[in-house]
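Here is the structure we will look at, set down as structure tokens.
Note that the structure is a prediction, hence the values are computed from the model and not measured.
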Amino acid sequence: MTAANVLSDLGSMLLSGSVEVVDCTGTLGPDTPLLKLPPDFAKNTPQIEIHKISEYDEDGPFFAWNWMVLGEHSGTHFDAPHHWITGKDYEDGYTDSLNIQRVVAPVNVIDCSKESAADADFLLTPEHVKAWEAEHGEIGAGEWVVMRTDWDKRAHDENLFLNADENGPHSPGPTPECVEYLLSKKIVGWGSQCIGTDAGCAGGMEPPYPAHNFLHRDNCFGLASLANLDKLPAKGAILIAAPLKIQRGTGSPIRALALVPKG
């Protein structure tokens, strides 16, 4: 079968609905949860603002449009390698210079929803991943790996989504060893349904924030605040996670889409 045949068949399947497009994106607006960093650690992203320019009125009688205040790493978003100090030297590590071929790839969905419901500080380990591979098949080079926690069910409430107390945020994520194991498989990137690619407690890990640290060290990508991963199979879907082509961008809000076979 040729590539032309495959694309033709895919087009027919999309039109017939036998391949479903699943939206893996949260709504982006003033109430979208944003990361909150300690004031002595870093400056925070400003709250999202959407301002009307016109809507069929005296400022524009035939059209409606808005302008926005928006951080690169707001809502469902993409982390490019230049986002973290370990990836700062990659010339193709920006949203306008990365190899766009890489961002469309098969996706492995590791279901940790039950564990995360029982323990908000649940950590994914290499042993968990290897057990998942024994059941579902090997994670391949160039593929996405995402952690399903159903954390998107909290996204209507920023406090619930960030889940922080006097000891810091509590949300699931990977251990340093887990990230290193996944990178040994030559994945293209890692995704989470939480506010960032790391666990809430990752600031206290060694090294701190291992998903950021190791992914971008290896010129790989991160996805955060993903939604609807419960609608994806463990294997067999294609994830499209393309950032805006921002000049020297370190990341971007995205419309993450998955192509999922039905039936």
Side-chain angles (χ1 to χ4, degrees), residues 24 35 37 42 45 71-110 112 123-126 128-130 132-133 139-149 151 169 171-226 229 239-244 246 248-254 256:
C24 297
L35 182 67
L37 297 168
T45 294
E72 289 176 322
H73 300 266
S74 299
T76 303
H77 67 272
F78 183 103
D79 290 350
H82 195 76
H83 175 50
W84 206 255
I85 191 169
T86 52
K88 67 181 179 64
D89 294 325
Y90 289 109
E91 277 306 310
D92 61 349
Y94 301 88
T95 56
D96 63 339
S97 63
L98 60 83
N99 178 2
I100 201 68
Q101 181 82 20
R102 300 175 69 201
V103 306
V104 181
V107 60
N108 302 272
V109 183
I110 302 177
C112 305
L123 296 177
L124 186 68
T125 67
H128 290 119
V129 178
K130 290 173 184 176
W132 182 92
E133 287 183 295
I139 293 168
E143 296 180 348
W144 289 106
V145 179
V146 296
M147 182 179 181
R148 176 189 161 191
T149 58
W151 212 255
S171 57
T175 64
E177 295 79 14
C178 181
V179 182
E180 288 281 39
Y181 175 71
L182 293 172
L183 288 168
S184 77
K185 311 287 287 188
K186 305 299 182 185
I187 64 170
V188 69
W190 158 264
S192 167
Q193 294 190 278
C194 299
I195 197 70
T197 55
D198 276 292
C201 65
M205 292 181 180
E206 184 55 46
Y209 308 105
H212 286 80
N213 199 310
F214 295 153
L215 282 171
H216 304 320
R217 176 201 67 190
D218 289 6
N219 202 17
C220 292
F221 310 136
L223 306 175
S225 295
L226 292 167
L229 296 185
L239 182 63
I240 304 167
L244 296 172
I246 300 168
R248 306 288 279 184
T250 72
S252 164
I254 59 173

Identify the two heavy atoms, one from [X] and one from [Y], that lie closest to each other, and give their separation to 0.1 Å.
{"X": "Pro81", "Y": "Cys220", "result": "CG-O, 3.7 Å"}
{"X": "Cys178", "Y": "Val129", "result": "SG-CG2, 3.8 Å"}
{"X": "Ala224", "Y": "Thr197", "result": "CB-N, 4.3 Å"}
{"X": "Leu123", "Y": "Pro174", "result": "CD2-O, 4.5 Å"}
{"X": "Ile139", "Y": "Trp132", "result": "CG1-CZ3, 3.8 Å"}

Practice task
Working to the nearest 0.5 Å, report the span between NE2 of His82 and OG of Ser97.
Solution key: 9.5 Å

Problem - Residue from Leu98, Thr250, Leu244 passing side-chain contact (heavy atoms from CB on, under 4.5 Å) with Phe78 - result: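 Only match with Phe78 under side-chain contact (heavy atoms from CB on, under 4.5 Å): Leu98.
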
Say whether, by atom type as modelled, one donor and one acceptor occur between the side chain of [X] and the main chain of [Y] under 3.5 angstrom.
{"X": "Asp198", "Y": "His212", "value": "yes"}
{"X": "Asp79", "Y": "Gly251", "value": "no"}
{"X": "His128", "Y": "Pro126", "value": "no"}
{"X": "Gln193", "Y": "Ser225", "value": "no"}
{"X": "Glu143", "Y": "Ile187", "value": "no"}
{"X": "Trp144", "Y": "Val103", "value": "yes"}
{"X": "Trp190", "Y": "Val146", "value": "no"}

Handout entry: side chain to side chain donor-acceptor pair (under 3.5 Å) against His216, all qualifying residues, sequence neighbours excluded
Key =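 Checked His216 against side chain to side chain donor-acceptor pair (under 3.5 Å); zero matches.
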
Exercise for the section: Not counting sequence neighbours, which residues clear side chain to side chain donor-acceptor pair (under 3.5 Å) with Lys88? List them please. Expected result: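 Per chain and number, Lys88 pairs via side chain to side chain donor-acceptor pair (under 3.5 Å) with no residue.
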
Handout entry: Residues Glu72, Arg248: salt bridge by 4.0 Å N-O rule
Key = no

Heavy-atom side-chain proximity of [X] to [Y] below 4.5 angstrom:
{"X": "Pro172", "Y": "Leu124", "value": "no"}
{"X": "Asp92", "Y": "Asn99", "value": "no"}
{"X": "Thr175", "Y": "Tyr181", "value": "no"}
{"X": "Leu182", "Y": "Val179", "value": "no"}
{"X": "Met205", "Y": "Asn213", "value": "no"}
{"X": "Phe221", "Y": "Leu215", "value": "no"}
{"X": "Leu239", "Y": "Pro106", "value": "no"}
{"X": "Ile240", "Y": "Ile254", "value": "no"}

Handout entry: Neighbour count >12 (heavy atoms, 6.0 Å) for atom CD1, Ile246
Key =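 Yes - once you tally the heavy atoms of other residues, nucleotides and ligands closer than 6.0 Å, there are more than 12.
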
